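If you're wondering where the values come from, they're calculated on a predicted model, not measured in any experiment. Every chain is numbered from 1 and lettered A, B, ... according to where its sequence line falls, protein lines coming before strand lines.
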2 protein chains.
Amino acid sequence: MKRNVLIIGAGGVAHVVAHKCAQHNAVLGEVHIASRTPAKAQNIVRSIQARHGMNHPGLVQAHGLNALDVRATAALIRATGARIVIQAGTSFLNMSVLAACIETGAAYIDTAIHEDPSKTCEAPPWYANYEWKQAQACAAAGVTAVLGAGFDPGVVNAYARLAVDELFDEVRSIDIIDTNAGSHEKYFATNFDPEINFREFTGSVWSWQQGRWQENRMFEERREWELPVVGRQTTYLTGHDEIHSLSTHLNVPDIRFWMGFSDHYINVFTVLNSLGLLSEKPVRTDGGQEVVPLKVVKAVLPDPASLASSYQGKTCIGDLIRGVKDGKPHEALIYNVCDHQAAYREVGSQAVSYTAGVPAAAAALLIASGVWDTGSMNNIEQLPPRPWLQLLETMGLPTRIRDAFGDRKLLSPCGALLKAA
Amino acid sequence: MKRNVLIIGAGGVAHVVAHKCAQHNAVLGEVHIASRTPAKAQNIVRSIQARHGMNHPGLVQAHGLNALDVRATAALIRATGARIVIQAGTSFLNMSVLAACIETGAAYIDTAIHEDPSKTCEAPPWYANYEWKQAQACAAAGVTAVLGAGFDPGVVNAYARLAVDELFDEVRSIDIIDTNAGSHEKYFATNFDPEINFREFTGSVWSWQQGRWQENRMFEERREWELPVVGRQTTYLTGHDEIHSLSTHLNVPDIRFWMGFSDHYINVFTVLNSLGLLSEKPVRTDGGQEVVPLKVVKAVLPDPASLASSYQGKTCIGDLIRGVKDGKPHEALIYNVCDHQAAYREVGSQAVSYTAGVPAAAAALLIASGVWDTGSMNNIEQLPPRPWLQLLETMGLPTRIRDAFGDRKLLSPCGALLKAA
């Protein structure tokens, strides 16, 4: 039984992860939260205390840490006795945190692919440039590393695995659809760190089509979907983390990711991007100051965490799977709908942070209890999906399916596949 | 005869002023150009030399100067022997340059109202907050100061004066219309210093209506006009320098300013402004850097001077005057049309800089020759308009009029009013 969790980061996702770990501290033990800005970690501790958010008496503690510093991170892992580290900070930190886990033997979980600050879009498969290079080191050290354990990447990978293994005889395409039909009251805001958010859309769009990588421009391919609860949603073909692993691990010819965008979002994005204001390359003002434009855009945008209290509506994220079952064409949408206000009432976050953070805490529970404690590096689709999806049924992210037989829950409380009525 | 000219600034307008002064250096004597960045002033010297732009052998010289430093500016005035100073730098410099002129007895010319970096829109009449407070000091020192001697403010004030004095029995309204039907090849660019350009549109819009100040929001009032040469143009009620003096000096109940904007310009402006990226107030990035967002926007936008070579099309700027003549309602549009490519061929600038810079050089000629050397401070409408408009006939900015009698030149080469055919 691995115990004591160290959460890296103190943004929106870390906030949810910490709350969910605290709700399960009888299994997970102490909850430690480390941020470059200790006051932000302390705010999370206070939020948990204010909601009486621990199911057992125990320690929840904030720490200051520069997680780019491997030695400092390893020292904090040792000092806290953490056996599970959840990297919920900026994606720039993955590789240094993973190195500290390999050094200390602690298990590693993250929710997004590693990013190099100097690059905005990498050659596929992106994981091969960073995380996968450490797979042998993990195996040699017996370190469990679970990559991309948020919602997307994460739960959508588990949906895909389940579809391939149990719901279809053959899967021909996986279209991952991520929509947010919620609304905040700001003129414009991103739902998570603007720096990471915009990076997703400034480079090329890589998708896996007919068994090979296809490159498109952002906003080149538009598609509308009729989705459960949230209704008609407009999405665009977008590059995304999970395509870089699913294309390697599943034998499926078409794997695409579609992100929902309003016309207003696209307009603001297009203006900022066309002017060069989303650039990571410094410019020089006529006063001689060197400034990264994207950092200034981030500074003027609302803090994503500040949106939560007024956020209304729901997200709908899922996999539209097409293939063959019993010799006939078959199609199923496996999905979750999450309500912004419900998430806020429970943990003080909006649904975008909630859907990313809850699965990571559930992954920690599976490592702690040994179910996913493989002593090796895996993407989500390499792990058994049912125990995780079963946990998410009771942790706030239930799975539904819509197919020719109707729209219904997919799993029973004990994790059995429910039959269509 | 006042001789030797010192031009403050080395941007687009200063470039034109310097070229036009060089073309008339037989009258004006030496031409000195001072900039905080001496290399920019040197570039103007080189441009004049490359075009053989002096009509007489003589000195054109670049200098480095921080024109906020009154002592340094006065010292440069003395060192160059300049008796006329043309403030063609950023509007933040007016008051320090004027102080240096009062100290040294040199004549002062500018092309825009003084601005305080910490304020974006001031209580009307704006001139009363800055320049007019120095009117007595100018008179006491016998210093000639001509305020707002560009096109707008500037030539449009002279059009208004001429209409009130000679073309109408009674003027009831003056609508100043500033349109640019030209196009550059950039996604977006401002035609002059973005910092000054955007400041015009971020505060309230002050106009003079029914004999008092009216406050509107930017883009609240839209009007379309059918204009000569450039055709149908969309404009918006905008605050502008000349309303602040014309409302004091002319007894006209309605004085409004209409600036032409494309839908694309308004969209980009609205996005930037709504996000707070046009703010002059510093924000702090999460790296702890203090940055003024507007300075970063300026840094990523194209240098207005860089637009000139590819700029196509024409500007049309003028006054639509309505009133009474010979007991009957009368309406006249007094205007100039300026061609971007023609301006570029002559002095290497686009028409927006050209229309602002040429009148200032013409004003210098009138001071040098004594016609406008009043030994006091005046806005353009307080000075006789005909000598200036007559000079502009031959300097590149001829005046036309369109009224019930047709569309024709307004002045003969000797400055006489032409009768309608």
Side-chain angles (χ1 to χ4, degrees), chain A residues 9-11 35-37 39-40 66 68 89-90 92 117 185-190 192-196 198 262-305, chain B residues 9-11 35-37 39-40 66 68 89-90 92 117 185-190 192-196 198 262-305:
Chain A
S35 168
R36 193 177 51 184
T37 314
K40 291 178 72 179
N66 171 10
L68 287 170
T90 161
F92 306 137
E185 289 160 356
K186 313 287 183 186
Y187 171 77
F188 182 84
T190 56
F192 55 99
D193 184 350
E195 216 173 335
I196 302 299
F198 287 129
S262 68
D263 291 347
H264 175 64
Y265 185 102
I266 292 173
N267 180 45
V268 171
F269 174 84
T270 302
V271 167
L272 295 177
N273 196 36
S274 301
L275 294 178
L277 285 167
L278 302 185
S279 171
E280 319 245 1
K281 299 208 180 98
V283 296
R284 186 184 291 271
T285 70
D286 64 1
Q289 201 180 15
E290 291 262 351
V291 187
V292 172
L294 180 52
K295 299 249 181 225
V296 179
V297 171
K298 179 175 173 175
V300 300
L301 289 182
D303 178 352
Chain B
S35 168
R36 194 178 49 182
T37 315
K40 292 178 70 179
N66 170 12
L68 287 171
T90 161
F92 307 137
E185 288 160 358
K186 312 287 182 186
Y187 171 77
F188 181 84
T190 55
F192 55 100
D193 184 350
E195 215 173 335
I196 303 299
F198 286 130
S262 68
D263 291 346
H264 175 64
Y265 185 102
I266 292 173
N267 180 45
V268 171
F269 173 84
T270 302
V271 167
L272 295 177
N273 196 36
S274 301
L275 293 179
L277 284 166
L278 302 185
S279 171
E280 319 246 1
K281 298 207 181 100
V283 296
R284 186 184 290 272
T285 70
D286 65 0
Q289 200 180 15
E290 290 262 351
V291 186
V292 173
L294 180 52
K295 300 248 180 225
V296 178
V297 170
K298 178 174 174 175
V300 301
L301 289 182
D303 178 353

### Within-4.5 Å side-chain heavy-atom neighbours: A:Leu277 and B:Leu272
yes
### Query
Roughly how far, to the nearest 0.5 Å, is OG1 of B:Thr285 from CD of A:Glu195?
9.5 Å
### Query
Looking at side-chain heavy atoms only, is the closest gap between A:Thr270 and B:Val271 below 4.5 Å?
no
### Query
Shortest non-hydrogen contact from A:Leu275 to B:Tyr187?
CD2-CD2, 3.9 Å
### Task
Check each atom of B:Val291 against the heavy atoms of chain A and say whether the ones under 4.5 Å are side chain, backbone, both or neither.
both
### Message
Does anything in residues 296-303 of chain A reach chain B? List residues with heavy atoms under 4.5 Å apart, or say none.
### Response
A:Val296, A:Val297, A:Lys298, A:Ala299, A:Val300, A:Leu301
### Task
Heavy-atom distances under 4.5 Å only: say whether A:Val283 touches chain B with side chain, backbone, both or neither.
side chain
### Query
Mind checking what makes ring pair (Phe, Tyr, Trp, His ring centres under 6.0 Å) contact with A:Tyr265, not counting sequence neighbours?
A:Phe188, A:Phe261
## Note on the structure
Applying side-chain hydrogen bond (donor to acceptor under 3.5 Å, both in side chains) to B:Gln289 and not counting sequence neighbours gives none
### Query
Can you name the residues that form a salt bridge (Lys or Arg N to Asp or Glu O under 4.0 Å) with A:Glu185, not counting sequence neighbours?
none
